[in-house]
Amino acid sequence: MAKKSLKEVVGKMTHTSFTTVICALVLEILFFALMSPHFLSWKNFLNIGLYAAIVGCVSCSVTLVNISGNIDLSVGSQIAVVGMVAAVVSRAGYGWEITCIAALIAGVVCGAVNGFFITVLKLNAFITTIATMQSLSGIAYLISQGQSLPISNPEFTFIGRGYLVGLPTSLWIMLICYIIFHIISKWTVFGRSIYMIGGNTQASFLAGIKVNKIRFELYLINGLMCGVAGIILSAQTGAGMPNAAATYNMTALSAVILGGAALTGGKGTIFGTFLGSMILAMLNNGMTLLSVGSYWQYIIIGLVLLAAVSIDAIKGGSLRRKI
Amino acid sequence: MAKKSLKEVVGKMTHTSFTTVICALVLEILFFALMSPHFLSWKNFLNIGLYAAIVGCVSCSVTLVNISGNIDLSVGSQIAVVGMVAAVVSRAGYGWEITCIAALIAGVVCGAVNGFFITVLKLNAFITTIATMQSLSGIAYLISQGQSLPISNPEFTFIGRGYLVGLPTSLWIMLICYIIFHIISKWTVFGRSIYMIGGNTQASFLAGIKVNKIRFELYLINGLMCGVAGIILSAQTGAGMPNAAATYNMTALSAVILGGAALTGGKGTIFGTFLGSMILAMLNNGMTLLSVGSYWQYIIIGLVLLAAVSIDAIKGGSLRRKI
Amino acid sequence: MAEKYMKNDHIVSDEIVMEAKGICKSFPGVKALSDVDITIHKGEVVALLGENGAGKSTLIKVLSGIYKQEIGTVAMEGKEMNFELPSDATNAGIGVIHQELNYVSTISVAENIFMGNIPKKYGLVDYKTMYRQSKEILSLVGLTIDPKINIGDCSVAQKQLIEIAKVMSNNAKVLILDEPTSALNDIEVGYLFQLIHKAASEGVSIFYISHKLDELFEVADRVVVMRDGCVTGQIDMKEATNDLLISKMVGRELDDMYPKIGGVVGEVALQVENLTTDSLKSVSFEARNGEILGIYGLMGSGHQAIGSALYGQDIVHEGKIRINNKNLIPKTPLDAINAGLAYVPAERKTEGLVLNQSVAVNTMAGYYSKSHKKILNNRLEIEKTKKWVDKFSIKTPTIDTAVESLSGGNQQKVILSRCLELDPDVLILNEPTRGIDVGAKSEIYRILDQLCQEGKCVIIITSEMPELLAMSDKIMVMSDGQKSGFLNKDEATQELVVQYAIGG
Amino acid sequence: AKQTEDEPAKGVGQTQTDVNAETSEKTQTDTTVKNEDSDPIKVGLCNINEKGAFGKLVKYGFEQACNERGWELVYADNNSNGQQAITNADTMVLQEVDFVVDLNVDSSVGDMVKGIFDEAGIPVLAVDIALGDAPFFGIDSEQLGYFNGETAAKYIQENYEGSVDYVVLMTQIASGDEVQKRVRSSIDALDENGIKYGEVVEIESENDAAISQQRFTDFLTAHPDAESVIVFTINENSAQGVYAGAVTAGREWDVRIFSANCGVQFVEPMYESAGKQSWVCTISNFTELYGEQCCELIEQYFETGTIPESTCCKFEAITWDNISEFYPEGNCPWDNFE
Ligand SMILES: Nc1ncnc2c1ncn2[C@@H]1O[C@H](COP(=O)(O)OP(=O)(O)OP(=O)(O)O)[C@@H](O)[C@H]1O
Ligand SMILES: Nc1ncnc2c1ncn2[C@@H]1O[C@H](COP(=O)(O)OP(=O)(O)OP(=O)(O)O)[C@@H](O)[C@H]1O
Ligand SMILES: [Mg+2]
Ligand SMILES: [Mg+2]
């Protein structure tokens, strides 16, 4: 692409409303850097990246699902199922490759279930994924009979805890996912079609876009990314835990919203989501460094989310809008 | 109203698609009656009613919120806050009246917060209530530093488990709520306006309906009903528990969906929601009688929800629809 | 009138390009098409004419693979077609502009043009080519906008033109245009007709649907008239007259399209002084009882903003509004209603009606708001709704029928009923007959005239010149957010109005 | 996400007892003792939840014990939800059980649950969390914490010459103050054994390994100098997280973990590493034996009409030295689950 002047770039940013989230990020960094001497260290940066990876990976595909005008509230449960499958397979003595493949397949199967109901039976995505959220969570418990299952294969746990070329493996995975999804969303016909479907499903259908196929594929991809996230989670903690992933739903969705995607579809960027997930990860990390109690963390995360969307809304003239 | 022939009534029912949910209810009752000798007893019927009361009360107002085309994902957290407030006030030695009033005020305040962001700043309801869900839940924990607070005032706990004229007080409260909300939705201009706003906000606004006011009031009412539910919950359990209410979000929403309301607004009935909440309450009760473990319950509730909406969708020709 | 368009002088060959036989299609409760036969020749422009709900849109949706006919065949160049998806029809060389605009407001103009057909290079989107080609395509319809901007920032007319450009550029063998001009002004319509003539002379066959009869004389070679899902007649355009078309279409003679008796001019009902909003600059005018004031303007001239500003939709920065000698700046539609205003919005489906609610509910919506009643009154509701259904002969099975299943004209009458139930002093109608068939149109004009006779103040905001000239007692012309001209009925001519409208 | 998980807690105001000691005998108000010749005895079990190893082991233990005795087990899952606990109590009454064992969700709802059973005249045994004035069986958090502290003190004396940099307590506030004694009273033991330590830091685990891991890693980042950190965790989940966090930070050996509860999460890696891991000890209360121990109490009730007011379950510090004695490889209770 041609070179762009700073003004153009900033203009584009303002337009796509990254400003709010970038300001928030900068303020956040300044605040925590002032409050904690450990915040601005390389080591801590790696920590943030390490733990951002799980939500980071899944928020990539959640962004696309949201851009397409759909939603997936079952990612937490999918991650739990994947983690349990990984644990069971690994404990059965299979190597890390088979474990990963099995986990990814489990993720894709979960995604296919959602996709089936949403694109074949044309159920409302919200309702479908509320239902699968419950069912899949039950299945995760069922797989292990409620137990947490330790995974001891060091090659597998390396995915979560190991380092490659100076960076944690899981951070690499997250970065690669963001890059891939950025390319998908900006530079592929598939990606552009997602925006079109989200913006106007009927028009896209009439223009010959295979709406159902793309939606189904999006749920498969989302399942796959839950697979990746589930692998990282169980590799990091060294166990498959049926109840560990419950919060990821909301965190991934919050990252996407902070990143400026419209839940009504047609709008959103992977880069925005990346910024959103960084805000949340740093918030988590900074508050722990400052020993902020966990209730306060809930309150603050909610407030940050509200503040970010409120600022965007007020900038967009919401106060003057009559309805 | 004029008398209606059976055919008309049934026709109307079929139209508003109560058939699926009524069939489901009948099948469910038959199944559990066959499987457990205890199911079809008066005492068990009362147990079901007791259990259903909390979700029942809050699902009334959630139905209206959904009909208006909005959503509230924070009811669980609101109920938790209300329960904690009730506990704190009761433990400070105030009588049941003051406790109830304080609890209801707490609920209305929670509702007002949601209403403010949604109708004044015009934020997306989904995003707002995701955020307040987290913040309010944090606040519920903060009130007691995370602890549960027992309530010993017998007049207060009477609301939960006492009997009035042969029925449990909380069952009475639920029935009255259903009747009031049925009347609101069918017989008042306010109720009519809710359907219109949900059907087409812009057109309703242009027809002179005070869209924002009604939406705001709906969140207040929803907060109030969270207050009622929170009172019943803490009176039934004899405690304010910051973490007890997490599941009510999904259960209330599931009841509304089973009852045939469209999350996109404009469609739904209080009677449908009543049936939906009965299905869920009986499911819970029946499965407990059959000693079904909680994760099977998750799986089954998810499947019932999927089955119900799938049947409705297939009847509506979803399989033939192209997008 | 004819001089504003290019002459219809292309040659039609005998070669049949598309042929549909015995098409039947029903929706629950409606037989939308029964046994329809239609053919089109190479280079021919066939107009489809019919009342609202006659089945025109349904027919073209069958032809373009959106609906599947229950019985009947569609053949192209002698080969039977079996379209499963709209894209099958596109691939077979059928290009469609639908009645409802089909664009994605959140993406660029270029991507909208290339939707479903994005150019690729090395497997990735080739933005450069896309933007370059978009510019060329846009220039076809005289648009010079930047293809990178979001289409959501374009006006309705621009969107319509973009859609036309997009379909025209696809080298289709058969073009179908379903009411493409309902949002266009005369100049833009001129562009469109040039394009149609050019395409036809290059051998493209065109189905053209419009409720504006005068247009048909400009473009069509042949008119196929439909009524109640059947083809009721085919007329060669050379032999057609206005009256013939109308009588074929509505099944009876329509003696007077624009019944205009007029009322006794009375008091000033509405006085506007220096009204300034985001899109209006210090506009002043007055409207009297017993009179119809017509407001005209080109796209973006602010003529529609007058309606929304008076009705409390827009924020008024400055100015005075007097309704029946009471000063008031309405902040919401309800304020306006309480002050004695009623408003028929331009977009029937998105602004006017709650489609899934019944005729009665829609009719009574304003009444309850204005009367501050809290409890519904079933008996009153039935009584009042029945009154309007009878008065305007609204065609609906029952008053409990959802308005979505009514035809456009009847829907418009429901909105009118809702407004008149308010017993307003001033009635403002924004595009009162957009997309409505001539029969229904004439009925609405009759209603407006009757209101005028009853001494009401009526304002119509319109972009339809014949309607403006025939119905208005006074005409205000807008340009660039300002009043650019004010004419009495007797001095108004089309030329003069256009001259004011383009700012002259 | 924050639930009172598989966390046994002893209610406020319980008198402390020694291991397996039976202090004052308590006579139940209702002395109708089941006639064993007629229908089989029906024992109701309201389990805390089945979302963790704890609940599964409890259920498993009761199934075994009741089977052996030919008793009918009526089972319900409280699902960590106060309202469900109440409903389940009602359901137990409906099913006319002869005796109920209730693993309460939260001591604050105990009075209400107990009231329901009292009204129906059904005797109750509370397990791990107090249930009004019902007789109690289970773990004594304070004692457990103290015991864990003593074990750690010994370890510190042997390995760190009696002095460590930090003590971290992984809490789970949602379970109430009483349960927190399971980590907090370990400090008392350290003090009484003359252990020197720097700062004591409490970190909330939210009963989630991933959260514990993240927060503990952040702790290590904030304390780069710490070379000897003793961690007491409230359960296995948080220990799992702390352990993973230490490994991830590359500082496994700056940390030693002493946890509560013993299940597959502790035992397997222990065998895997042949004892060479920084998660050195867990206090097991042998959940799988709860069923047997409770059924013995129930038998005692049916014979005598009384039951001790408080009975402590047995517990043991499991380390590499004794693991094969209590949890032989391949023959642990969970190995018998299908
Ligand atoms: N999707 C649908 N579901 C049910 N009925 C429909 C549907 N689409 C059209 N109809 C009905 O089929 C009939 C034909 O409608 P169609 O839209 O083809 O009319 P039209 O001639 O295009 O009218 P207009 O001039 O108003 O555009 C009408 O009675 C209409 O109500
Ligand atoms: N809310 C607004 N803020 C800023 N500019 C506006 C706003 N609304 C309209 N405009 C601008 O004001 C001008 C007049 O707009 P308006 O929609 O009133 O035109 P119109 O006469 O109705 O034209 P059309 O034929 O497109 O319907 C346009 O240039 C438009 O872009
Ligand atoms: Mg049409
Ligand atoms: Mg306009």
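Only this structure's heavy atoms are used, side chains among them; waters, hydrogens and symmetry mates stay out. Here is the naming used below: chain letters follow the sequence lines, and residue numbers restart at 1 for every chain.
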Q: Identify which part of B:Ile323 has an atom lying under 4.5 Å from any heavy atom of chain A, answering side chain, backbone, both or neither.
A: both
**Q.** Atom of A:Cys226, atom of A:Val58 and distance for their closest heavy-atom approach
**A.** SG-CG2, 3.7 Å
Q) Which answer fits B:Leu73, side chain, backbone, both or neither, if we ask what part of it has an atom under 4.5 Å from a heavy atom of chain A? A) side chain
Q. With side chains defined as the heavy atoms from C-beta onward, is the minimum distance between A:Leu275 and A:Leu258 less than 4.5 Å?
A. no
Q | Minimum-distance pair of heavy atoms, taken over all atoms of A:Cys110 and A:Val81 | A | SG-CG1, 4.0 Å
Q) Checking B:Leu306 against chain A: side chain, backbone, both or neither under 4.5 Å from a heavy atom? A) both
Q: Compare every heavy atom of A:Gly111 with every heavy atom of A:Leu220, then report the nearest pair and how far apart it is.
A: CD2-C, 4.2 Å
Q. Does the side chain of A:Ile194 come within less than 4.5 Å of A:Ile214's, by heavy atoms?
A. yes
Q | Winner by heavy-atom pair count (cut-off under 4.5 Å) against chain A, out of B:Leu123, B:Val211, B:Leu305 | A | B:Leu123
Q) Can you tell me how far the CD1 atom of A:Ile118 sits from the CZ atom of A:Phe216, to the nearest 0.5 Å? A) 10.0 Å
Q.
Nearest 0.5 angstrom please: A:Cys23 SG to A:Ile311 CD1, how far?
A. 8.5 Å
Q) Can you check side chain to side chain contact (heavy atoms under 4.5 Å, CB included) on B:Tyr51 and B:Leu280, steps first, answer last? A) CA-CA 10 Å; B:Tyr51 174 81; B:Leu280 291 179; over 6 Å; no
Distance-only donor-acceptor pairs under 3.5 Å across chain B and chain A:
residue  : atom : partner  : partner atom : Å
B:Leu121 : O    : A:Ser318 : OG           : 3.0
B:Lys122 : NZ   : A:Ser318 : O            : 3.4
B:Lys122 : NZ   : A:Arg321 : O            : 2.7
B:Ser135 : OG   : A:Ile299 : O            : 2.9
B:Ser135 : OG   : A:Leu303 : N            : 3.4
B:Gln145 : O    : A:Tyr295 : OH           : 3.2
B:Asn212 : ND2  : A:Lys322 : O            : 2.7
B:Tyr295 : OH   : A:Gln145 : OE1          : 3.4
B:Ile299 : O    : A:Ser135 : OG           : 3.0
B:Leu303 : N    : A:Ser135 : OG           : 3.4
B:Ser318 : O    : A:Lys122 : NZ           : 3.3
B:Ser318 : OG   : A:Leu121 : O            : 3.0
B:Arg321 : O    : A:Lys122 : NZ           : 2.7
B:Lys322 : O    : A:Asn212 : ND2          : 2.6

Q: Identify which of B:Val304, B:Val309, B:Leu263, B:Ile127 forms the greatest number of heavy-atom pairs closer than 4.5 Å to chain A.
A: B:Ile127
Q: Identify which part of B:Leu142 has an atom lying under 4.5 Å from any heavy atom of chain A, answering side chain, backbone, both or neither.
A: both
Q. Could you give the distance from CE (A:Met196) to CD1 (A:Ile209), rounded to the nearest 0.5 Å?
A. 5.0 Å
